[in-house]
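See structure below.
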Amino acid sequence: MRTTVIITKRGEGYISTVSGQFGGGHQGARCGLTPYEAASAAARYMIEYAQSNPDGGDLMAPAEVLDLVPEHLRAIKAYG
């Protein structure tokens with residue numbers, strides 16, 4: 001199963017939900033008050049969960065966050 005990283009705006013900040021290859025991850029964790037902080041967290045999660053997943057992974061986030069995430073970490077192709 002592909003990894004999915006979701007960043008959403010909640011109140012004054014952003015939260016993350018991550019579903020990993022074997023069901024690992026988290027739900028509703030705070031990941032920053034600014035778009036940059038949320039993008040940094042999203043990039044870390046894509047490296048941690050999606051790069052190591054043979055099925056790859058996808059990032060879903062508001063435009064102001066997605067624009068700050070390096071393009072190669074927005075969608076990681078399957079390699080397995």
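Between the side chain of Arg2 and the main chain of Asn53, no donor-acceptor pair closer than 3.5 Å is present. Side chain of Glu37 to backbone of Leu33: a donor-acceptor contact under 3.5 angstrom is found. Listed for the Tyr79 side chain is a donor-acceptor partner under 3.5 Å among the backbone atoms of Ser52. With Arg74 contributing its side chain and Leu59 its backbone, the two residues share no donor-acceptor pair below 3.5 Å.
Following chains of ILVMFWY side-chain contacts shorter than 4.5 Å, one can reach Val65 starting from Tyr49, so the two form part of one hydrophobic cluster. Note: the hydrophobic cluster containing Ile6 does not contain Val69 (ILVMFWY, side chain heavy atoms under 4.5 Å, direct or indirect links). Residues Tyr14 and Ile47 fall within the same hydrophobic cluster, defined by Ile, Leu, Val, Met, Phe, Trp and Tyr side chains chained together at heavy-atom separations under 4.5 Å. The cluster map of Ile, Leu, Val, Met, Phe, Trp and Tyr, joined by side-chain heavy atoms under 4.5 Å apart, puts Val5 and Met60 in different clusters. Linking Ile, Leu, Val, Met, Phe, Trp and Tyr whenever their side-chain heavy atoms come within less than 4.5 Å puts Ile76 and Ile7 in one cluster.
Within the 4.5 Å cutoff, the side chain of Thr3 has no heavy atoms near those of the Gln51 side chain. Side-chain contact between Pro54 and Gln21 is present, with heavy atoms from C-beta onward closer than 4.5 Å.
Among residues two or more places apart in sequence or in another chain, the side-chain contact (heavy atoms from CB on, under 4.5 Å) test is passed with Leu68 by Pro35, Tyr36, Ala39.
Taking each heavy atom of Ala50 and Gly57 in turn, the nearest pair found is CB-CA, 3.8 Å. Closest approach of Cys31 and Ala41 over heavy atoms only: CB-CB, 3.7 Å. Here the closest heavy-atom approach between residue Gly11 and residue Lys9 is recorded as O-NZ, 3.4 Å.
To the nearest 0.5 Å, atom NZ of residue Lys77 and atom CG of residue Asp55 are 15.0 Å apart. Atoms OG1 and CD1, on Thr8 and Ile15 in that order, are 3.5 Å from each other to the nearest 0.5 Å.
The number of heavy-atom neighbours closer than 6.0 Å to CE of Met1, taken from other residues, nucleotides and ligands shown, is above 12.
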